[in-house]
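Order of appearance sets the numbers: ligands from 1, and atoms from 1 within every ligand.
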Amino acid sequence: MRLCDLKRIVAEAQRAFSNATDPVTLENEKARFLGKTGKLTEFLKNLGKEPEPEVRKSEGARINVAKQQVKVALNMRRQELADDLMNQRLADDAVDVTLPGRCSGTGSLHPVMQTWERVEQIFHSIGFDIADGPEIETDWYNFTALNSPENHPARSMQDTFYLDAKDTQGRALLLRTHTSPMQVRYARMKKPPIKGIAPGRTYRVDNDSTHSPMFNQVEGLWIDKNISFADLKGVYTDFLKKFFERSDILVRFRPSYFPFTEPSAEIDMRFEHGRNAGRWLEISGSGQVHPNVLHNIGLDPHRYIGFAFGSGLERLTMLRYGVDDLRTFFENDLRFLRQFI
Ligand code: DAH
(Lines give C-alpha, C1' and ligand atoms only; values in the text may rest on other atoms or scores of the structure.)
Protein backbone atom coordinates (compact mmCIF):
# COMPACT_ATOMS: atom_id res chain seq x y z
CA MET A 1 0.00 0.00 0.00
CA ARG A 2 1.50 3.24 -1.07
CA LEU A 3 1.06 6.80 -0.01
CA CYS A 4 0.10 7.82 -3.52
CA ASP A 5 -2.64 5.14 -3.53
CA LEU A 6 -4.27 6.74 -0.52
CA LYS A 7 -4.00 10.21 -1.99
CA ARG A 8 -5.57 8.98 -5.19
CA ILE A 9 -8.46 7.39 -3.33
CA VAL A 10 -9.12 10.57 -1.35
CA ALA A 11 -9.09 12.61 -4.56
CA GLU A 12 -11.38 10.07 -6.23
CA ALA A 13 -13.83 10.23 -3.33
CA GLN A 14 -13.85 14.03 -3.37
CA ARG A 15 -14.62 14.01 -7.07
CA ALA A 16 -17.31 11.35 -6.73
CA PHE A 17 -19.01 13.28 -3.92
CA SER A 18 -19.03 16.59 -5.73
CA ASN A 19 -20.44 14.89 -8.82
CA ALA A 20 -23.35 13.46 -6.79
CA THR A 21 -26.30 15.75 -7.39
CA ASP A 22 -28.75 14.18 -4.95
CA PRO A 23 -28.54 12.62 -1.47
CA VAL A 24 -29.20 9.04 -2.64
CA THR A 25 -26.31 9.07 -5.12
CA LEU A 26 -24.12 10.68 -2.50
CA GLU A 27 -24.86 7.95 0.08
CA ASN A 28 -24.15 5.28 -2.53
CA GLU A 29 -20.81 6.89 -3.28
CA LYS A 30 -20.05 6.99 0.41
CA ALA A 31 -20.52 3.20 0.54
CA ARG A 32 -17.91 2.82 -2.21
CA PHE A 33 -15.24 4.34 0.01
CA LEU A 34 -16.32 3.98 3.62
CA GLY A 35 -18.80 1.05 3.48
CA LYS A 36 -18.08 -2.50 4.67
CA THR A 37 -16.45 -3.41 1.39
CA GLY A 38 -15.39 0.15 0.60
CA LYS A 39 -11.88 0.96 -0.62
CA LEU A 40 -10.57 2.44 2.61
CA THR A 41 -12.15 -0.30 4.68
CA GLU A 42 -10.32 -2.85 2.52
CA PHE A 43 -7.03 -1.09 3.29
CA LEU A 44 -7.69 -1.36 7.00
CA LYS A 45 -8.58 -5.04 6.69
CA ASN A 46 -5.36 -5.78 4.84
CA LEU A 47 -3.37 -4.00 7.48
CA GLY A 48 -3.96 -6.96 9.80
CA LYS A 49 -1.78 -9.09 7.52
CA GLU A 50 1.21 -6.79 7.96
CA PRO A 51 3.76 -8.63 10.18
CA GLU A 52 5.70 -5.54 11.39
CA PRO A 53 3.98 -3.80 14.33
CA GLU A 54 5.74 -0.51 13.59
CA VAL A 55 4.56 -0.54 10.00
CA ARG A 56 1.03 -1.50 11.13
CA LYS A 57 1.00 1.53 13.41
CA SER A 58 2.24 4.08 10.90
CA GLU A 59 0.16 2.71 8.03
CA GLY A 60 -2.93 2.61 10.26
CA ALA A 61 -2.45 6.28 11.13
CA ARG A 62 -2.14 7.22 7.47
CA ILE A 63 -5.27 5.32 6.51
CA ASN A 64 -7.21 7.04 9.30
CA VAL A 65 -6.08 10.48 8.11
CA ALA A 66 -7.30 9.59 4.61
CA LYS A 67 -10.60 8.32 6.06
CA GLN A 68 -11.02 11.58 7.92
CA GLN A 69 -10.47 13.58 4.75
CA VAL A 70 -13.08 11.51 2.91
CA LYS A 71 -15.57 12.05 5.75
CA VAL A 72 -15.00 15.80 5.69
CA ALA A 73 -15.65 15.87 1.94
CA LEU A 74 -18.78 13.76 2.44
CA ASN A 75 -20.23 16.00 5.13
CA MET A 76 -19.54 19.14 3.16
CA ARG A 77 -21.39 17.72 0.17
CA ARG A 78 -24.27 16.55 2.38
CA GLN A 79 -24.67 20.07 3.70
CA GLU A 80 -24.51 21.57 0.21
CA LEU A 81 -27.23 19.24 -1.06
CA ALA A 82 -29.44 19.97 1.99
CA ASP A 83 -29.01 23.72 1.41
CA ASP A 84 -29.85 23.31 -2.28
CA LEU A 85 -33.01 21.40 -1.36
CA MET A 86 -34.07 24.04 1.16
CA ASN A 87 -33.46 26.86 -1.32
CA GLN A 88 -35.42 24.97 -3.94
CA ARG A 89 -38.36 24.56 -1.55
CA LEU A 90 -38.30 28.20 -0.52
CA ALA A 91 -38.31 29.21 -4.18
CA ASP A 92 -41.14 26.76 -5.02
CA ASP A 93 -43.39 27.87 -2.16
CA ALA A 94 -42.45 31.50 -2.57
CA VAL A 95 -42.07 31.81 1.19
CA ASP A 96 -41.14 35.25 2.34
CA VAL A 97 -38.86 34.47 5.23
CA THR A 98 -38.77 38.12 6.25
CA LEU A 99 -42.47 38.07 7.22
CA PRO A 100 -43.13 38.27 10.97
CA GLY A 101 -43.87 34.91 12.61
CA ARG A 102 -47.28 33.76 13.76
CA CYS A 103 -47.79 34.58 17.40
CA SER A 104 -50.56 33.32 19.64
CA GLY A 105 -53.11 36.09 20.11
CA THR A 106 -54.53 37.33 23.36
CA GLY A 107 -58.08 36.16 24.02
CA SER A 108 -60.96 38.41 24.92
CA LEU A 109 -64.44 38.07 26.40
CA HIS A 110 -67.31 36.81 24.28
CA PRO A 111 -69.81 39.64 23.56
CA VAL A 112 -72.51 37.96 25.65
CA MET A 113 -70.07 37.63 28.54
CA GLN A 114 -69.23 41.31 28.15
CA THR A 115 -72.94 42.02 28.55
CA TRP A 116 -73.06 39.72 31.59
CA GLU A 117 -70.22 41.68 33.23
CA ARG A 118 -71.76 45.01 32.28
CA VAL A 119 -75.12 44.04 33.75
CA GLU A 120 -73.46 42.92 37.00
CA GLN A 121 -71.47 46.14 37.20
CA ILE A 122 -74.47 48.39 36.64
CA PHE A 123 -76.77 46.65 39.13
CA HIS A 124 -73.99 46.34 41.66
CA SER A 125 -73.47 50.10 41.44
CA ILE A 126 -77.07 50.66 42.53
CA GLY A 127 -76.95 48.28 45.46
CA PHE A 128 -77.93 44.89 44.03
CA ASP A 129 -76.15 41.72 45.18
CA ILE A 130 -74.96 39.26 42.54
CA ALA A 131 -76.16 35.69 43.10
CA ASP A 132 -75.36 32.42 41.37
CA GLY A 133 -77.42 29.23 41.31
CA PRO A 134 -77.57 25.74 39.83
CA GLU A 135 -78.35 25.06 36.17
CA ILE A 136 -79.72 21.63 37.04
CA GLU A 137 -82.87 22.41 38.98
CA THR A 138 -85.71 20.53 40.59
CA ASP A 139 -89.12 21.01 39.05
CA TRP A 140 -90.13 22.39 42.43
CA TYR A 141 -87.87 25.46 42.17
CA ASN A 142 -88.29 25.82 38.41
CA PHE A 143 -92.10 25.60 38.44
CA THR A 144 -93.95 24.71 41.65
CA ALA A 145 -92.38 27.31 43.93
CA LEU A 146 -93.02 29.85 41.18
CA ASN A 147 -96.74 29.23 41.35
CA SER A 148 -96.96 26.71 38.52
CA PRO A 149 -98.22 23.59 40.28
CA GLU A 150 -98.17 20.25 38.48
CA ASN A 151 -100.53 20.11 35.51
CA HIS A 152 -100.72 23.89 35.48
CA PRO A 153 -100.94 24.95 31.81
CA ALA A 154 -98.21 27.55 32.37
CA ARG A 155 -95.69 24.70 32.64
CA SER A 156 -96.00 24.13 28.92
CA MET A 157 -95.14 27.79 28.23
CA GLN A 158 -91.55 26.60 28.21
CA ASP A 159 -90.38 23.37 26.58
CA THR A 160 -88.26 21.70 29.16
CA PHE A 161 -85.25 19.37 29.03
CA TYR A 162 -86.01 16.82 31.75
CA LEU A 163 -83.19 14.70 33.14
CA ASP A 164 -83.77 11.03 33.72
CA ALA A 165 -83.05 11.49 37.43
CA LYS A 166 -84.52 12.72 40.69
CA ASP A 167 -83.01 14.53 43.66
CA THR A 168 -82.78 12.98 47.15
CA GLN A 169 -86.30 14.14 47.94
CA GLY A 170 -87.70 12.46 44.84
CA ARG A 171 -88.18 15.70 42.91
CA ALA A 172 -87.72 15.54 39.13
CA LEU A 173 -84.53 17.16 37.84
CA LEU A 174 -84.37 19.35 34.75
CA LEU A 175 -82.21 21.97 33.08
CA ARG A 176 -83.62 25.24 34.36
CA THR A 177 -85.76 26.94 31.73
CA HIS A 178 -85.23 30.39 33.23
CA THR A 179 -83.31 32.10 36.04
CA SER A 180 -86.57 32.71 37.95
CA PRO A 181 -85.96 29.79 40.37
CA MET A 182 -83.32 32.13 41.81
CA GLN A 183 -86.14 34.35 43.04
CA VAL A 184 -86.89 31.67 45.62
CA ARG A 185 -83.43 30.12 46.09
CA TYR A 186 -81.70 33.44 46.61
CA ALA A 187 -84.46 35.15 48.62
CA ARG A 188 -84.66 32.21 51.03
CA MET A 189 -81.06 32.85 52.08
CA LYS A 190 -81.71 36.52 52.81
CA LYS A 191 -83.73 38.72 55.07
CA PRO A 192 -85.55 41.75 53.61
CA PRO A 193 -84.59 44.03 52.08
CA ILE A 194 -83.83 41.43 49.41
CA LYS A 195 -82.16 43.07 46.47
CA GLY A 196 -80.16 41.07 43.98
CA ILE A 197 -79.64 39.89 40.45
CA ALA A 198 -78.82 36.37 39.29
CA PRO A 199 -77.34 36.02 35.81
CA GLY A 200 -76.89 32.55 34.37
CA ARG A 201 -77.35 29.91 31.72
CA THR A 202 -80.81 28.60 30.90
CA TYR A 203 -82.10 25.86 28.57
CA ARG A 204 -85.15 25.22 26.41
CA VAL A 205 -86.10 22.86 23.60
CA ASP A 206 -85.97 25.58 20.99
CA ASN A 207 -83.71 26.37 18.03
CA ASP A 208 -84.11 29.06 15.36
CA SER A 209 -82.74 32.50 14.48
CA THR A 210 -84.09 34.03 17.69
CA HIS A 211 -83.94 31.00 20.02
CA SER A 212 -81.07 28.79 21.05
CA PRO A 213 -81.35 25.67 23.25
CA MET A 214 -78.91 27.33 25.67
CA PHE A 215 -79.15 31.01 26.37
CA ASN A 216 -78.43 33.43 29.20
CA GLN A 217 -80.79 35.39 31.37
CA VAL A 218 -80.52 37.74 34.28
CA GLU A 219 -83.09 37.63 37.03
CA GLY A 220 -83.68 40.69 39.21
CA LEU A 221 -85.48 40.84 42.51
CA TRP A 222 -86.17 43.58 45.02
CA ILE A 223 -88.44 42.87 47.98
CA ASP A 224 -89.07 45.03 51.00
CA LYS A 225 -92.03 46.59 52.79
CA ASN A 226 -92.83 49.14 50.11
CA ILE A 227 -91.23 48.34 46.76
CA SER A 228 -93.56 49.32 43.93
CA PHE A 229 -93.85 49.24 40.15
CA ALA A 230 -92.57 52.82 40.19
CA ASP A 231 -89.31 51.48 41.69
CA LEU A 232 -89.17 48.83 38.98
CA LYS A 233 -89.65 51.43 36.30
CA GLY A 234 -87.02 53.71 37.81
CA VAL A 235 -84.44 50.95 38.31
CA TYR A 236 -84.97 49.35 34.91
CA THR A 237 -84.99 52.60 32.96
CA ASP A 238 -81.81 53.67 34.73
CA PHE A 239 -80.25 50.30 33.91
CA LEU A 240 -81.14 50.59 30.22
CA LYS A 241 -79.70 54.09 29.96
CA LYS A 242 -76.45 52.93 31.52
CA PHE A 243 -76.34 49.73 29.51
CA PHE A 244 -76.91 51.39 26.14
CA GLU A 245 -74.94 54.50 27.18
CA ARG A 246 -77.64 56.87 25.95
CA SER A 247 -80.42 58.86 27.51
CA ASP A 248 -82.97 58.89 24.69
CA ILE A 249 -84.69 55.74 25.91
CA LEU A 250 -88.41 55.44 26.58
CA VAL A 251 -89.84 52.55 28.56
CA ARG A 252 -93.35 51.17 28.68
CA PHE A 253 -95.05 48.36 30.56
CA ARG A 254 -97.35 46.13 28.54
CA PRO A 255 -99.73 43.86 30.47
CA SER A 256 -98.75 40.21 30.26
CA TYR A 257 -98.97 36.97 32.17
CA PHE A 258 -96.41 35.07 34.21
CA PRO A 259 -97.47 32.63 36.94
CA PHE A 260 -95.01 34.07 39.47
CA THR A 261 -95.97 37.73 39.23
CA GLU A 262 -99.25 39.56 39.63
CA PRO A 263 -99.68 41.90 37.91
CA SER A 264 -97.21 40.96 35.17
CA ALA A 265 -95.81 43.10 32.40
CA GLU A 266 -93.51 42.97 29.42
CA ILE A 267 -91.04 45.82 29.50
CA ASP A 268 -90.70 47.42 26.08
CA MET A 269 -88.13 50.07 25.22
CA ARG A 270 -87.76 52.55 22.40
CA PHE A 271 -84.86 54.67 21.22
CA GLU A 272 -85.87 58.18 20.27
CA HIS A 273 -83.06 58.64 17.75
CA GLY A 274 -80.95 56.60 15.36
CA ARG A 275 -81.26 52.95 14.39
CA ASN A 276 -84.55 51.35 15.54
CA ALA A 277 -85.88 54.80 16.50
CA GLY A 278 -89.59 54.82 17.15
CA ARG A 279 -89.96 51.03 17.26
CA TRP A 280 -90.98 49.41 20.54
CA LEU A 281 -88.62 46.54 21.36
CA GLU A 282 -89.50 43.85 23.87
CA ILE A 283 -86.70 43.66 26.38
CA SER A 284 -87.81 41.92 29.58
CA GLY A 285 -90.52 40.10 31.50
CA SER A 286 -91.41 41.58 34.85
CA GLY A 287 -94.02 41.94 37.53
CA GLN A 288 -94.93 42.24 41.16
CA VAL A 289 -93.88 39.12 43.04
CA HIS A 290 -96.92 36.87 43.49
CA PRO A 291 -98.10 36.32 47.10
CA ASN A 292 -97.69 32.54 46.64
CA VAL A 293 -94.04 33.05 45.68
CA LEU A 294 -93.51 35.31 48.72
CA HIS A 295 -95.03 32.54 50.79
CA ASN A 296 -92.64 29.96 49.28
CA ILE A 297 -89.73 32.26 50.08
CA GLY A 298 -90.92 32.25 53.67
CA LEU A 299 -92.18 35.84 53.76
CA ASP A 300 -95.57 37.15 54.89
CA PRO A 301 -97.31 38.44 51.71
CA HIS A 302 -99.20 40.94 53.85
CA ARG A 303 -95.99 42.59 55.01
CA TYR A 304 -93.68 42.29 52.03
CA ILE A 305 -93.98 43.35 48.45
CA GLY A 306 -91.58 43.73 45.56
CA PHE A 307 -90.78 43.23 41.92
CA ALA A 308 -88.96 40.76 39.76
CA PHE A 309 -87.73 40.87 36.21
CA GLY A 310 -86.03 38.47 33.85
CA SER A 311 -84.12 39.65 30.78
CA GLY A 312 -82.22 37.79 28.06
CA LEU A 313 -78.50 38.59 27.91
CA GLU A 314 -78.28 37.63 24.22
CA ARG A 315 -81.24 39.91 23.49
CA LEU A 316 -79.55 42.83 25.26
CA THR A 317 -76.33 42.14 23.35
CA MET A 318 -78.14 41.95 19.99
CA LEU A 319 -79.82 45.29 20.58
CA ARG A 320 -76.64 46.94 21.78
CA TYR A 321 -74.62 45.89 18.75
CA GLY A 322 -77.35 45.55 16.10
CA VAL A 323 -76.86 41.80 15.63
CA ASP A 324 -79.94 40.19 14.11
CA ASP A 325 -79.21 36.46 14.23
CA LEU A 326 -78.80 34.98 17.69
CA ARG A 327 -76.99 31.92 16.33
CA THR A 328 -73.89 33.94 15.46
CA PHE A 329 -73.18 34.10 19.21
CA PHE A 330 -72.85 30.32 19.38
CA GLU A 331 -70.98 29.57 16.15
CA ASN A 332 -67.76 31.06 17.53
CA ASP A 333 -66.56 32.28 14.16
CA LEU A 334 -63.58 34.48 15.03
CA ARG A 335 -64.35 36.88 12.16
CA PHE A 336 -67.60 37.68 13.98
CA LEU A 337 -66.25 37.63 17.52
CA ARG A 338 -63.25 39.87 16.75
CA GLN A 339 -65.61 42.75 16.08
CA PHE A 340 -66.38 42.94 19.80
CA ILE A 341 -62.86 43.12 21.18
N1 DAH B 1 -88.86 33.80 33.62
C2 DAH B 1 -89.53 34.51 32.54
C3 DAH B 1 -89.16 33.86 31.23
O4 DAH B 1 -88.12 33.25 31.14
C5 DAH B 1 -89.16 35.96 32.52
C6 DAH B 1 -89.68 36.72 33.69
C7 DAH B 1 -90.90 37.28 33.61
C8 DAH B 1 -88.93 36.83 34.84
C9 DAH B 1 -91.42 38.00 34.67
C10 DAH B 1 -89.43 37.56 35.90
C11 DAH B 1 -90.68 38.15 35.82
O12 DAH B 1 -88.76 37.74 37.05
O13 DAH B 1 -91.14 38.87 36.85
O14 DAH B 1 -89.87 33.97 30.27
Treat each ILVMFWY residue as a node, draw an edge where side-chain heavy atoms are under 4.5 Å apart, and state whether Leu44 and Val55 are in one component.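 No: no chain of side-chain contacts under 4.5 Å links Leu44 to Val55.
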
Greater than 12 external heavy atoms within 6.0 Å of Glu54's CD: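 Counting neighbours around CD of Glu54, 12 or fewer heavy atoms of other residues, nucleotides or ligands fall under 6.0 Å, so no.
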
Residue shell around ligand 1, heavy atom under 4.0 angstrom: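 Within the 4.0 Å shell of ligand 1, which is judged on heavy atoms, sit Gln158, His178, Ser180, Gln183, Arg204, Gln217, Glu219, Phe258, Phe260, Thr261, Gly285, Ser286, Gly287, Ala308, Phe309, Gly310.
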
State, with a plain yes or no, whether a side-chain heavy atom of Leu316 is found less than 4.5 Å away from one of Ile283.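 They are in contact (side-chain heavy atoms under 4.5 Å apart), so the answer is yes.
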
Using the salt bridge (Lys or Arg N to Asp or Glu O under 4.0 Å) criterion, which residues pair with Glu42? Sequence neighbours excluded.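 If we apply the salt bridge (Lys or Arg N to Asp or Glu O under 4.0 Å) test to Glu42, skipping adjacent residues, the hits are Lys45.
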
Quick one: does any side-chain atom of Arg201 pair with a main-chain N or O of Glu135 as donor and acceptor, under 3.5 Å?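 No, the answer is negative, given that no donor and acceptor are paired below the 3.5 Å cut-off.
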
Polar side chain donor-acceptor pair, Asp84 to Gln88, under 3.5 angstrom: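 Note: Asp84 and Gln88 side chains miss the donor-acceptor criterion.
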
